[in-house]
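In what follows, a single structure is set out as C-alpha cells and then discussed.
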Amino acid sequence: MDNREIARIFDEIADMLDILGENPFKARAYRQVAHYIYRMETDINRVYEEQGLEGIPGVGKAIRAKLQELLETGDLQYYRGLQEKVPPGVLEMLDIPGLGPKTAGAIYSQTGIDTLEKLYRAAQEKRIRELPGMGAKTEYNIKKGIEMLRAARETFNLGTALPLAREFKDFLCSFSCVEMVEVTGSVRRGKPLVGDIDILVGSRQEETVRDKIRRFRKVKEILEEKPSYVKGKMAPGMSFEVVIVDPQEFWRALVITTGSKDHLEPIRPALEDLDCRSLHSEEDVYRSLSMQFIPPELREGRGEIELARRFALPRLVAWEDIKGDLHVHTDWSDGAHSLEEMAAAAARLGYSYMAVTEHSHSLAVSRGLDAERLLAQAKAVEELNRGYDGFRILTGIEVDILRDGSLDLPDEVLEKLDVVIASVHSHFRLSRAEQTERVLKAVESPHVDIIGHLTGRLLGRRPGYEIDIDAVLESAARNRKVLEINSYPDRLDIDEETAFRAKTKGIKVAISSDAHHRADLELIRYGVVNARRGWLGREDVLNTLGTEELLAYLRNK
DNA sequence: GCCGTTTTCGGCCCGACTGTTTTCAGTCG
C-alpha cells in the first residue's frame, strides 16, 4: 500500500467522521496526517521499516496503531466499520459544491438516500426542499452540482492524465516486443482536460503486446479488443486506447493518432499517399508534406497548417527557456517548506531566481503576511542572498485584491518589493461589471507587476468568475502589466485563448508554478504547455529573462 | 485525535458568504 492509497483512506475516514458528526478536530487530525503522508517524498513502508512511525507529525498513539495495521495487513478494521455506517454514495455527495458533511449526513439519515442518482431524482421530484434547513435554492444547487459532476467525471486534467500516460508508456517500453511507443492524442497535444489516454505502439508482435497491456497494474478492465487495438479503463476511471502498428508505419500513425481532427482534415489525403518506408521521424512526415514541423500543442486547426506551409510558425517557448519562478509560497504563509528549502529546490532546477510571494494578511486561512512580517521576510531574503552564487531570491508578495479593488498592503510597502502579484481570493460572485472594475483598479495600481490567476477557474470544479477579459487585456496593455499563467493543472489560468490574445496585444505573460511545496515547482511544465498552446514564444514570457533584464523590465514598467 | 511546558486538559486557522431563517448553521477558501 503506497503513500497515496493510505492518504486516500485517511482522507475518507476524515470525511466519514465529519458526516457522522464526530468531533471536527478528530476528523482534522486524520486529514492532516493524510496530507502529510501524501506529500512525503519517501515511501512510508520504508520509513516504517527503517525508523518506525515515531517521527511523523500529527501521528499519536491511535493513528499510529491504525497506520501500523494498514501497513502490516493492507486493511483497517476501523475503516471498514465506518464504511458500514457511511455508504460510498454519501461520500460522493461531498463533491457537490456547497454541500458539505452536515448536509450529506442529514440527507442520508433522514431519507436513506445513498447514491448521487437517488439524490438527483429526489431533487427533481422536489423532495429535498421538504427537509428541515433546506429550500428550493439548495435543491437547485444540488441538481446543478450533480450535472456538473457527471460532465466532469468524463474528463481528467492533464496533471492526472499525463503522469499516468507516461507510466503506461514506460511500462510498455520495457518489453522487447515493443519497438516504439509514444503517448498520443489530446494528452500529447497538452489539452488541459482530456477524456482518455491514447498510446501508439510500433510492434510486429501484436498479440504479445496485447497481453502485456493487460498486465499493467493500473489497467482495471478491457472493454474492446481487436488484433491491433485495445480499449479499456485505468485505475482512476480513465479510459485508454492503445493502437498497435507495424514499426514502419509508426511515424505517420503518430501524426494521425495525435490529431486533432481539425488539424488532420486538410492534410489527410496527402498523409494517406505517403510512402512510409522513407520516414524516420515525425519531422520527416511533415517534411514529406512540404511543411515545417508542427509541435503537437499547435495541432488544433487554428491556422497552423497554413503557416507551416510557408515555414512561418512561431518558435514556441520551451521549458529550457524558463529562467526562474515568479510565484512561490513558503512556510511563512501556507507553503510546506522553508525559504531556504524552496530556494534550494528552485536552484536545483537550474533557475537563476525565485520570487517569494506569500499571501497577504486578509487571506487569514493561509497565515497571510502583514507589512511587518513581510518586511521581516525581505530581510531574511537579503541574508540568504548573500550566500548564493548565480542564484537570487527576489522579494515579493501575492497581495489580495480586496472587494473594492484596493490592495491589501499600502503602496509604500509594495514599492520596496521586487515582484508584486495581485490576485483575487474572495467575493467570486460579484457582478461582471463590479468584478471587472475591481480587477481593473488593481491593474492600474502603480506597484502591481503581475495579475495572478485572472479568472479563478478550477477545471472541472468551478468556472471562472464573471469578468470582462477584453477590458482587462486593454488595460494591461496600456499599463504594461503582466498576466500570470498559473501552472497548477486544475487552474491553467489564464487559459490558452487569453494567452494568445494577450500576445497579440503585446502583453507579457509570466509562467509561474504558484508552488506551495517544493515538488510543485515542477508544475511549471504544465504552464509552459499551456503557453505553447497559446502560441507564445520565448519573447512573450517574462520569466525567460535573466535576473538583471527581469529586474530592469520590472523597474521600467 | 493530537499537542504542549505559563497546558496532561482545553485548545485546535478564521472570516465572510449563502440560504435558510428570523438569528444562525453550514460551507468555503
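Predicted, not measured: the structure shown is a model, and the values here were computed from it. Chain naming here is simple, since letters A, B, ... match the order of the sequence lines and numbering starts at 1 in each.
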Between [options], which nucleotide has the shortest distance from any of its atoms to the side chain of [X]?
X	options	result
A:Thr103	B:dA16, B:dG1, B:dG26	B:dG26
A:His427	B:dC2, B:dA16, B:dC13	B:dA16
A:Arg403	B:dC17, B:dT20, B:dG29	B:dC17
A:Ala62	B:dG29, B:dG19, B:dC2	B:dC2
A:Thr138	B:dG1, B:dT20, B:dC12	B:dT20

Reckon [X] touches a base, only the sugar-phosphate, or nothing at all at heavy-atom distances under 4.0 Å?
X	answer
A:Ala136	sugar-phosphate
A:Pro24	nothing
A:Arg129	nothing
A:Asn23	base

Starting at [atom1] of [X] and ending at [atom2] of [N], how long is that distance when rounded to a whole Å?
X	N	atom1	atom2	answer
A:Phe25	B:dG10	CZ	P	15 Å
A:Tyr465	B:dG29	OH	P	13 Å
A:Phe428	B:dC17	CZ	C1'	11 Å
A:Ile107	B:dA25	CD1	P	19 Å
A:Ile128	B:dG19	CD1	P	16 Å
A:Lys26	B:dG10	NZ	C1'	17 Å
A:Lys61	B:dT8	NZ	P	18 Å
A:Arg31	B:dC12	CZ	P	18 Å

Integer angstrom distance from the [atom1] of [N] to that of [M]:
N	M	atom1	answer
B:dT8	B:dG26	C1'	33 Å
B:dC17	B:dG11	P	28 Å
B:dT27	B:dT20	P	13 Å
B:dT6	B:dC2	P	23 Å
B:dC3	B:dT22	P	43 Å
B:dT23	B:dG29	P	29 Å
B:dT5	B:dG1	P	23 Å

Indicate yes or no: does [X] engage [Y] in a salt bridge with an N to O separation below 4.0 Å.
X	Y	answer
A:Glu84	A:Arg80	no
A:Asp470	A:Lys505	no
A:Glu147	A:Lys144	yes

Point to revise | Residue whose nearest DNA chain B nucleotide is more 5′ - A:Ile96 or A:Gly133 | key: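 The residue whose closest nucleotide sits nearer the 5' end is A:Gly133.
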
Study note, to complete from the structure: Whichever of A:Val33 and A:Glu139 has the more 5' nearest nucleotide on DNA chain B, that residue is A:Val33

Study note, to complete from the structure: Note: A:Met148 and A:Pro97 closest approach over all heavy atoms is CE-CG, 4.0 Å

Practice item. Using only side-chain N and O atoms of A:Arg64, determine if any of them is under 4.0 Å from OP1 or OP2 of B:dG1. Key: no

Practice item. State whether A:Asn141 places a side-chain N or O below 4.0 Å from either non-bridging phosphate oxygen (OP1 or OP2) of B:dT18. Key: no

**Study point:** Verdict with reasoning, A:Arg121 to A:Gln124, per side chain to side chain donor-acceptor pair (under 3.5 Å)
**Key:** CA-CA 5 Å; A:Arg121 215 174 318 130; A:Gln124 266 184 327; over 6 Å; no

Practice item. Mind telling me if B:dT7 is syn or anti? Syn here is a glycosidic angle within 90° of 0. Key: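 Syn conformation here, the glycosidic angle of B:dT7 being no more than 90° from 0.
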
Exercise for review: Without swapping roles, check the side chain of A:Asp490 against the backbone of A:Leu458 for a donor-acceptor pair under 3.5 Å.
Suggested key: no

Review point. For the rings on A:His361 and A:His359, is their centre-to-centre separation under 6.0 Å?
Key: no

Practice item. Hunt down the Watson-Crick or G-U wobble partner of B:dT18, both distances under 3.5 Å, from any strand shown, or write none. Key: B:dA25

